[in-house]
Amino acid sequence: MTLTNAQYRLAARPVGLPTDSDWQYTEEPVAEAGDGEFRVQVDYLSLDPAMRTWMNAGRSYIAPVEIGAVMRAAGIGTVIDSRHPDFAVGQTVSGVFGVQRYAISNGSDVSVVDTGLAPAPVHLGALGISGITAYFGLLDVGKPLPGQTVVVSAAAGSVGSIVGQIARIKGCRVIGIAGGADKCKVLVDELGFDAAIDYKAEDVRARLRTHAPDGVDVFFDNVGGPVLEAVLARLARGARVVLSGAVSQYNTTQSPRGPANYMQLLVQRASMIGFVVFDYAARYPEAVTELAGWLRDGSLLARDHIVPGGIAQFPDALLKLFTGENTGKLILAL
Ligand SMILES: NC(=O)c1ccc[n+]([C@@H]2O[C@H](COP(=O)([O-])OP(=O)(O)OC[C@H]3O[C@@H](n4cnc5c(N)ncnc54)[C@H](OP(=O)(O)O)[C@@H]3O)[C@@H](O)[C@H]2O)c1
């Protein structure tokens with residue numbers, strides 16, 4: 001079967017927010033699958049803030065995307081033909097397929113998705129890397145105890161919304177920080193957070209004094225910048241700050257801003273720990289089993305924000321992560 005691929009390649013390393021000139025749209029024939037390979041039609045693309053960091057040159061936890069290469073992205077798709085013993089036509093699979101309509105795979109780092117457990121997009125969010133990041137980052141690194149106060153930033157986003165719900169399930173008091181009154185309402189009314197702070201309209205330090213009078217025991221930080229500084233000012237003795245990400249700094253054209261008040265870590269005998277979910281790869285099934293159980297019994301809600309319109313929407317859809325237009329897991333439907 002001759003197929004034509006549609007792809008977005010990295011054309012230039014962005015300065016600030018990615019623009020159209022940083023991308024090259026290409027079309028080309030899809031090669032046939034060789035021995036031990038299969039072809040996937042990509043149905044859903046995962047849009048992740050980290051994609052912005054992969055566009056930069058320099059040392060990181062993963063190699064940068066090369067100029068001219070298809071942009072790296074996780075996705076979920078359907079096997080359309082196969083010469084691989086472990087993958088059959090019609091199976092739903094998850095892997096890093098790139099920003100393209102079709103991918104060829106040898107099966108490495110590809111898993112078959114159980115759509116009986118949850119619809120395919122949920123396997124990119126609550127049962128995918130977001131949920132697994134929330135699970136290990138909070139429980140293994142943050143180590144909250146019942147009754148302790150947990151604060152999470154980008155709380156209405158994919159990772160943050162699950163962090164807050166797990167903390168609530170574990171008996172913690174949960175405060176979410178998010179941009180906008182609507183997101184804050186979702187956190188409290190739908191996801192069961194104890195309180196929410198709108199960092200765009202409210203004084204985060206003052207609101208934390210009200211909502212966390214005894215201090216913050218665990219801060220799961222997704223955004224960095226001024227929000228990180230505000231929460232450091234309110235740490236409890238022995239607090240753990242989990243550095244999951246710093247989305248407020250990913251598009252900065254200056255040196256990223258570090259917290260001026262980092263000495264609060266000393267004062268409060270607190271720790272700040274960097275965390276990369278890939279280090280937990282061998283334990284992913286443990287997280288997925290527990291997250292799926294919570295989804296089944298209704299204690300965990302999975303929110304997806306699916307952008308329709310196909311691959312042409314990719315450059316604009318990615319930007320929604322940085323303007324805060326998404327609530328829950330941002331996904332592009334191809
Ligand atoms: N360490 C790991 O292994 C790992 C793995 C996966 C993800 N992550 C990190 O987890 C974080 C969340 O990722 P996600 O996929 O769940 O994305 P997300 O939270 O669904 O989307 C990003 C959110 O960031 C917020 N944001 C954007 N610019 C901001 C700014 N200048 N200041 C404050 N907030 C801002 C926006 O929400 P508002 O409307 O609230 O501003 C936006 O909705 C990212 O930092 C990502 O890199 C880490």
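Order of appearance sets the numbers: ligands from 1, and atoms from 1 within every ligand. In this text the structure is predicted, and so the values were computed from the model without any measurement.
- Ion pairing between a basic and an acidic side chain is recognised when a charged N comes within 4.0 Å of a carboxylate O; Arg9 and Glu27 show no such pairing.
- Environment of CG in Asp109: sparse, with no more than 12 heavy atoms of neighbouring residues, nucleotides or ligands closer than 6.0 Å.
- Relative orientation of the Phe275 and Phe220 rings is perpendicular, given thresholds of 30° and 60° on the angle between their planes.
- Considering CG of Asn222 and CG of Leu228, their distance stands at 11.0 Å, rounded to 0.5 Å.
- Protein neighbours of ligand 1 below 4.0 Å, counting non-hydrogen atoms: Pro49, Thr133, Ala154, Gly157, Ser158, Val159, Ala178, Gly179, Lys183, Tyr199, Asn222, Val223, Ser244, Gly245, Ala246, Val247, Ser248, Tyr250, Phe275, Val276, Val277, Leu321, Phe322, Gly324, Asn326, Gly328.
- One finds a salt bridge joining Glu202 and Arg207 here, because a Lys/Arg side-chain nitrogen approaches an Asp/Glu carboxylate oxygen to under 4.0 Å.
- Ring orientation note: the planes of Trp23 and Phe314 are nearly perpendicular, at an angle over 60° on the 30°/60° scale.
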